[in-house]
Amino acid sequence: MAGTLDKLLTALFGRPADPVAEEHLVRGFRVLVENTRPDIETPRVLARLDEALALIERWQPWRL
């Protein structure tokens with residue numbers, strides 16, 4: 001199934017470039033992002049991660 005999905009994505013978006021790893025700092029955590037999805041922006045992913053960590057920090061800070 002993954003092969004079929006890869007073929008479809010290649011047909012729609014062209015051959016993906018080799019992903020470049022970007023390092024970011026989110027709430028004190030070093031985050032290495034290797035974005036393989038051209039349709040999803042890295043800043044949006046980092047914002048969602050920050051929101052998720054905020055929920056953990058608020059409701060179960062001992063897990064953070």
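Worth knowing before you read on, the calculation uses all heavy atoms, side chains too, and leaves out hydrogens, waters and symmetry mates.
Leu64 forms part of a hydrophobic cluster together with Val26, Phe29, Val31, Val33, Leu46, Leu49, Leu53, Ile56, judged by ILVMFWY side-chain heavy-atom separations under 4.5 Å. Cluster partners of Leu55, using a side-chain heavy-atom cutoff of under 4.5 Å among ILVMFWY residues and allowing indirect links, are Trp59.
With sequence neighbours left out, Ile40 forms a side chain to side chain contact (heavy atoms under 4.5 Å, CB included) with Arg37, Val45. With sequence neighbours excluded, the residues satisfying side chain to side chain donor-acceptor pair (under 3.5 Å) with Arg63 are Gln60.
The list of salt bridge (Lys or Arg N to Asp or Glu O under 4.0 Å) pairs with a residue in residues 20-33, not counting sequence neighbours, reads Glu23-Arg30, Arg27-Asp50, Arg27-Glu57.
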